[in-house]
Amino acid sequence: MPVARYHADWAWLPPPTDPTADAGPAKGVLIDVDQGRITAVVPNSPRPNDAQRLAGLTLPGLANAHSHAFHRALRGRTQGGRGTFWTWRERMYAVAANLDPDRYHALARAAYAEMALAGITCVGEFHYLHHAPDGRRYADPNAMGEALLAAAAEAGIRITLLDTCYLTSTVDGRPLAGTQLRFGDGDAARWADRAGALKPDAHARIGAAIHSVRAVPVDQMSTVVDWAAGRDAPLHVHLSEQRAENEACLAHLRRTPTEVLADAGALGPRTTCVHATHLTDSDRTELGDTDTAVCFCPTTERDLADGIGPARPLVDAGSPLCLGSDSHAVVDLFEEARAVELNERLRTERRGQFAPADLVRAASRAGHESLGWPDAGAIAVGARADLVTVRLDTVRTAGCDPAAIVFAATAADVAHVVVDGRVVVRDSVHCGLSNVAAALREAIGA
């Protein structure tokens with residue numbers, strides 16, 4: 001007998017002849033799970049007596065490919081008055097200045113539990129808050145990273161810790177100052193030495209990140225690239241989120257940020273470029289030709305007035321698309337997914353740039369692949385048993401065609417979440433942290 005047996009009213013399944021093809025809803029699906037893996041998937045099946053009913057539409061686990069956990073403390077606190085990304089950043093630095101490993105653990109655990117409630121089964125944490133406020137290393141140089149790994153485990157989700165190299169404050173190499181001192185390791189070799197001490201386990205993988213072209217000098221990038229390649233680890237990078245970054249890069253390096261990364265050997269199928277908002281035609285071609293993925297974070301990009309990135313042209317060029325909640329102004333991958341399509345409609349004045357199946361793939365399988373978990377993100381035999389059940393009887397989803405659920409549902413409609421075969425959310429309540437709102441309130445207050 002399987003360790004667990006579920007019967008989904010509806011489940012999002014790939015075609016039986018091609019598990020990598022676009023999926024869609026199938027009715028009456030029996031799902032067997034053993035040792036954290038899916039062992040059987042039988043559509044059009046009556047419900048056996050020993051199977052737990054999953055009422056609604058069951059999707060594969062969602063992957064949040066870009067997170068800064070400590071930014072969750074900023075939600076609802078940066079909306080007064082006018083400003084830019086750069087003025088918002090000063091508020092973010094103020095939060096960063098107040099965190100130590102214990103406070104960071106509490107905040108991240110609550111933030112990750114909120115993600116679990118939203119159907120997120122894996123997070124990519126773009127981690128650069130490494131050191132003590134004066135820039136000195138903690139007794140354990142990875143105390144802050146270890147706090148994040150523990151927080152994800154306690155929240156019941158997987159994590160790819162993208163340990164981030166951050167060495168300078170500007171493209172022209174100005175030194176770190178103030179709160180930024182917490183981010184830096186001095187040079188890429190010292191970064192690599194520290195990051196190399198982090199160890200993966202069953203719920204965690206370790207990847208690398210180049211914060212941006214303004215934070216890692218050209219002569220240091222190859223060390224980060226080689227470190228990730230030697231471990232077959234994911235490599236992520238912020239790319240062209242702000243026009244000012246592009247202008248500084250052109251002025252100082254005579255190249256676009258994409259060209260700088262290409263010349264450093266940083267692009268390729270293990271690399272994900274986050275935002276990719278302000279690109280030239282040749283930038284898009286370079287990303288697509290190298291199979292470099294892109295991660296869009298629409299709710300953060302609109303919150304920070306970044307702009308609307310060219311999602312459809314990037315995908316057409318060959319770049320896989322995944323999604324992240326980034327600053328956690330909103331934690332809702334349904335909103336991130338539909339925003340990609342709705343933003344394209346605003347940008348092009350045409351509907352139907354992305355089909356619902358494209359958006360579900362971006363929120364699930366593509367995100368897991370970006371984070372180094374290629375065996376997750378599909379309801380298929382052999383895949384990790386990540387199941388996210390969305391109610392179809394709420395005021396938002398009632399009467400909705402299950403095939404178009406991504407355009408109707410919100411995080412509040414998630415009822416049941418299974419991660420690697422373990423039930424993490426039951427009846428919209430987190431099984432390990434019963435009052436996530438209280439945990440967030442306490443952690444943010446601290």
Side-chain angles (χ1 to χ4, degrees), residues 65-68 89 124-131 142 144-145 160-176 180 182-196 198 205-242 244-246 248-250 252-253 255-279 283 286-287 290-297 309 319 322 324 326 370-372:
H66 190 65
S67 163
H68 302 291
R89 191 176 71 162
E125 184 62 37
F126 200 103
H127 167 54
Y128 55 82
L129 186 54
H130 302 304
H131 305 302
N142 285 308
M144 297 292 266
T160 297
L161 187 69
L162 298 159
D163 197 283
T164 303
C165 187
Y166 196 132
L167 304 174
T168 56
S169 65
T170 59
V171 175
D172 60 1
R174 293 178 192 171
L176 303 179
Q180 291 178 331
R182 303 194 71 173
F183 310 159
D185 286 292
D187 59 33
R190 283 190 282 254
W191 166 84
D193 180 66
R194 180 187 52 73
L198 289 162
R205 295 193 173 157
I206 310 301
I210 293 170
H211 180 273
S212 58
V213 296
R214 70 176 182 272
V216 181
V218 171
D219 64 356
Q220 300 289 304
M221 287 185 183
S222 63
T223 299
V224 185
V225 173
D226 292 345
W227 187 96
R231 291 162 173 77
D232 195 26
L235 175 65
H236 286 218
V237 56
H238 290 129
L239 176 66
S240 293
E241 180 181 6
Q242 290 289 316
E245 178 181 291
N246 287 0
C249 194
L250 286 166
H252 185 67
L253 300 175
R255 290 169 288 169
T256 69
T258 299
E259 290 167 340
V260 170
L261 293 172
D263 290 345
L267 302 182
R270 286 184 300 97
T271 298
T272 299
C273 291
V274 182
H275 303 304
T277 307
H278 304 289
L279 302 177
D283 290 341
E286 182 69 40
L287 294 174
T290 55
D291 298 320
T292 300
V294 291
C295 179
F296 275 37
C297 308
S319 288
C322 57
D326 192 359
S370 165
L371 297 175

For this session: State, with a plain yes or no, whether a side-chain heavy atom of L176 is found less than 4.5 Å away from one of R182.
Result: no

Could you give the side-chain donor-acceptor pairs of residues 161-175 under 3.5 Å, partners two or more places apart or in another chain?
{"from": "D163", "atom 1": "OD1", "to": "W191", "atom 2": "NE1", "distance (Å)": "2.8"}
{"from": "D163", "atom 1": "OD1", "to": "R194", "atom 2": "NH1", "distance (Å)": "3.4"}
{"from": "D163", "atom 1": "OD1", "to": "R194", "atom 2": "NH2", "distance (Å)": "2.8"}
{"from": "D163", "atom 1": "OD2", "to": "R194", "atom 2": "NH1", "distance (Å)": "2.9"}
{"from": "T164", "atom 1": "OG1", "to": "H127", "atom 2": "N", "distance (Å)": "3.4"}
{"from": "T164", "atom 1": "OG1", "to": "H127", "atom 2": "O", "distance (Å)": "3.1"}
{"from": "T164", "atom 1": "OG1", "to": "L162", "atom 2": "O", "distance (Å)": "3.0"}
{"from": "T168", "atom 1": "OG1", "to": "R214", "atom 2": "O", "distance (Å)": "2.9"}
{"from": "S169", "atom 1": "OG", "to": "R174", "atom 2": "O", "distance (Å)": "3.2"}
{"from": "S169", "atom 1": "OG", "to": "P175", "atom 2": "O", "distance (Å)": "3.3"}
{"from": "T170", "atom 1": "OG1", "to": "D172", "atom 2": "OD1", "distance (Å)": "2.4"}
{"from": "T170", "atom 1": "OG1", "to": "R174", "atom 2": "N", "distance (Å)": "3.1"}

Problem set entry | salt bridge (Lys or Arg N to Asp or Glu O under 4.0 Å) involving R255 - partner list, sequence neighbours excluded | D263

Exercise. Any side-chain donor-acceptor pair under 3.5 Å between H278 and D283?
Worked result: no

Problem set entry | Residues S67 and E125: side-chain donor-acceptor under 3.5 angstrom | yes

Problem set entry | Contact summary for A266 and I210, nearest pair of heavy atoms | CB-CD1, 4.4 Å

For this session: Taking the side chain as every heavy atom from C-beta outward, state whether E286 and L267 have any atom pair closer than 4.5 Å.
Result: yes

Can you give the donor-acceptor pairs under 3.5 Å from side chains of residues 218-230 to other protein atoms, not counting sequence neighbours?
{"from": "Q220", "atom 1": "OE1", "to": "A188", "atom 2": "N", "distance (Å)": "2.7"}
{"from": "W227", "atom 1": "NE1", "to": "A192", "atom 2": "O", "distance (Å)": "3.4"}

Problem set entry | Rounded distance (nearest 0.5 Å) linking atom CZ of R270 with atom NE2 of H236 | 10.5 Å

Seminar exercise, completed: Closest non-hydrogen contact found for E245 with S212 is OE1-CB, 3.9 Å

For this session: Scan side-chain atoms only and decide if T256 and T258 contain a donor-acceptor pair under the 3.5 Å cut-off.
Result: no

For this session: Please name all residues satisfying salt bridge (Lys or Arg N to Asp or Glu O under 4.0 Å) with D291, sequence neighbours left out, ordered by chain then number.
Result: none

Exercise. Who passes ring pair (Phe, Tyr, Trp, His ring centres under 6.0 Å) against H68, sequence neighbours left out?
Worked result: H66, H71, F126, Y128, H238

Exercise. Do the non-hydrogen side-chain atoms of R205 and P234 ever get within less than 4.5 Å of each other?
Worked result: no

Seminar exercise, completed: side chain to side chain contact (heavy atoms under 4.5 Å, CB included) filter on S240, not counting sequence neighbours, yields N246, P257, L279

